[in-house]
Number of protein chains: 2
Amino acid sequence: MTLKSDTRGKILDAASRLFQKQGYHATGLNEIIKVSGAPKGSLYYHFPAGKEELALEAIKLVSKIIQQNIETGLSKIEDPAQSIQSFIKELASHIQCDHFSVSLLALETSCISETLREACDQAFESWIATYANKLIQGGFDKEKAQTLARVIQLMVEGALTISTAKKETTTLFIVAEQIPILLKQ
Amino acid sequence: MTLKSDTRGKILDAASRLFQKQGYHATGLNEIIKVSGAPKGSLYYHFPAGKEELALEAIKLVSKIIQQNIETGLSKIEDPAQSIQSFIKELASHIQCDHFSVSLLALETSCISETLREACDQAFESWIATYANKLIQGGFDKEKAQTLARVIQLMVEGALTISTAKKETTTLFIVAEQIPILLKQ
DNA sequence: GTCTATAAAGTGATAGAC
DNA sequence: GTCTATCACTTTATAGAC
């Protein structure tokens, strides 16, 4: 999987970063090619269906990577509330330079492509499920865990949006502070 | 203000709806012209600086409208927690058909235009201030009110994002349920 | 598998008649 | 104030040489 010519991987890597940062419509295929260093001919060789296929693979990729990030992040501390709070703080300080989020892609693609919209939805759901699992392991009722996990994910996404609008990084810390209160119910 | 030829108003109205729904890059000037029913020539007559100026005015417009919506929505009930919860529920059932949000514009424009990014930021801040005022009137400490208002706004925005990704409308209700818990601190 | 040239359509923007 | 024609540019996508 890692040894297949790597050109595909370079394209996918550049695409996933550019799509997250600038959005679907704002990033052209030319830009992806330029940033990735790959030749334009090979883009359509590796992604015959063009931009939409590339975006789909990019979304799936970041979905998986972030899911793993959340999972390993939460595994460091046993107590759910503490681990989630610490993970969000970690996220906040990690984000400092560049602002990424799939919110942008989700909002953009909901109008133009069912496929991409569903991919974004599934990304969100997989992250929610990861939070929910941690809560269930910590003794939360299953249904309550799923609701709270959804609220956590939506807070993170909302905080990232407001952070990019403000060009700052503190909003996620505010969210982190609310986690214990939220989970005390 | 309402009597100045109305062409400008029609363009602005179409633009603000299309920008919110599809985003900045996805909506072309041609589409705005077509939807508004105005002639293309008059677009550059009313907005000499072109697309960016049009978007700026559109953002300012929806910022003011939504701010007023929040204000009148919150004024119906005296208790802050109850009024905010009821307003979010109202919002949820109002949103059913189309999904609008300035999150999309905020995320898109942060990369390409300081002016537009700031306009989105100020929109968020004015809404936050409106929630905060209600909380302060309800007896909350000023600083705590501002923090909680920010959390409320970020939850609403996050819920709208997840809602559009899921093509549903229930996520905002989940947020509404959390309001009393959040405000009990 | 890679690279180039180019097609076809769309974009924002402008000029100038009316 | 309105409308049309058009410019210059960029977009995705394809064809075909290598």
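To find a chain, count down the sequence lines: A is the first, B the second, and so on, and within it residues start at 1.
- For B:Ser16, the side-chain hydrogen bond (donor to acceptor under 3.5 Å, both in side chains) test picks out no residue, with sequence neighbours left out.
- When the side-chain hydrogen bond (donor to acceptor under 3.5 Å, both in side chains) test is applied to B:Asp13, the partners found at least two apart in sequence or on another chain are B:Arg17.
- Residue B:His46 places its side chain closer to D:dG1 than to any other of D:dG1, C:dA13, C:dT2.
- Rounded to whole angstrom, the span from the CD1 atom of A:Ile112 across to the P atom of D:dT11 amounts to 16 Å.
- By the salt bridge (charged side-chain N to carboxylate O under 4.0 Å, His left out) test, A:Lys60 is found to be paired with no residue, residues two or more places apart in sequence or in another chain being considered.
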Tabulate below the donor-acceptor pairs under 3.5 Å that side-chain atoms of residues 145-155 of chain A make, not counting sequence neighbours, or state none.
residue, atom, partner, partner atom, Å
A:Thr147, OG1, A:Glu143, O, 3.2
A:Arg150, NH1, A:Glu125, OE2, 3.0
A:Arg150, NH2, A:Glu125, OE1, 2.9
A:Arg150, NH2, A:Glu125, OE2, 3.3
A:Gln153, NE2, A:Glu157, OE1, 2.6

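- In this structure, the nucleotide among D:dA13, C:dG1, C:dA13 sitting nearest to the side chain of B:Lys51 is C:dA13.
- Across the protein-nucleic acid pair, B:Leu43 atom CG and C:dA15 atom P stand 16 Å apart, rounded to whole Å.
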Nucleotide N/O to protein N/O under 3.5 Å, stretch nucleotides 6-8 of chain C:
none

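- In this structure, A:Tyr45 atom OH and D:dT14 atom P are separated by 17 Å, rounded to whole Å.
- In this structure, NZ of B:Lys34 is placed 13 Å from C1' of C:dG10, rounded to the nearest angstrom.
- Each end of the helix from C:dG1-D:dC18 to C:dC18-D:dG1 gets its own axis, taken as the rotation carrying the C1' atoms of four end pairs onto the next four within a five-pair window, and the two axes meet at 10° to the nearest 10 degrees.
- As rounded to whole Å, 17 Å separates atom P of D:dT10 from atom CD1 of A:Ile32.
- Residues forming a salt bridge (charged side-chain N to carboxylate O under 4.0 Å, His left out) with B:Lys21 (at least two apart in sequence, or on another chain): B:Asp98.
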Expected list for residues 175-185 of chain B: side-chain donor-acceptor pairs under 3.5 angstrom, two or more places apart:
residue, atom, partner, partner atom, Å
B:Gln178, OE1, A:Gln185, NE2, 3.1
B:Gln185, NE2, A:Gln178, OE1, 3.1
B:Gln185, NE2, B:Leu182, O, 2.9

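- Per the geometry, CG belonging to B:Asn30 stands 15 Å off P belonging to D:dC3, to the nearest Å.
- Judged by distance alone, with hydrogens and angles left aside, the side-chain atoms of B:Glu168 form a donor-acceptor pair with the main-chain N or O of B:Thr171 at under 3.5 Å.
- Rounded to a whole Å, the CD1 atom of A:Ile33 is 13 Å from the P atom of D:dT11.
- With C:dT2, D:dT12, D:dT2 as the choices, the nucleotide that has an atom nearest any side-chain atom of A:Tyr44 turns out to be D:dT12.
- Looking at residues two or more places apart in sequence or on another chain, you find a salt bridge (charged side-chain N to carboxylate O under 4.0 Å, His left out) between B:Lys76 and B:Glu90.
- Every side-chain hydrogen bond (donor to acceptor under 3.5 Å, both in side chains) that B:Gln67 has, sequence neighbours left out, goes to B:Glu71, B:Thr130.
- Evaluation of the salt bridge (charged side-chain N to carboxylate O under 4.0 Å, His left out) rule for A:Lys34 yields no partner, not counting sequence neighbours.
- Between A:Lys167 and B:Glu114, at least one side-chain nitrogen of the basic residue sits less than 4.0 Å from a carboxylate oxygen of the acidic one, meeting the salt-bridge criterion.
- If you take CZ of B:Phe47 and P of D:dT2, they are 12 Å apart, rounded to a whole angstrom.
- A close approach under 4.0 Å does occur between a side-chain nitrogen or oxygen of B:Thr7 and OP1 or OP2 of D:dT2.
- Contacts between residues 19-29 of chain B and DNA chain C, defined by a heavy-atom separation under 4.0 Å, are made by B:Thr27, B:Gly28, B:Leu29.
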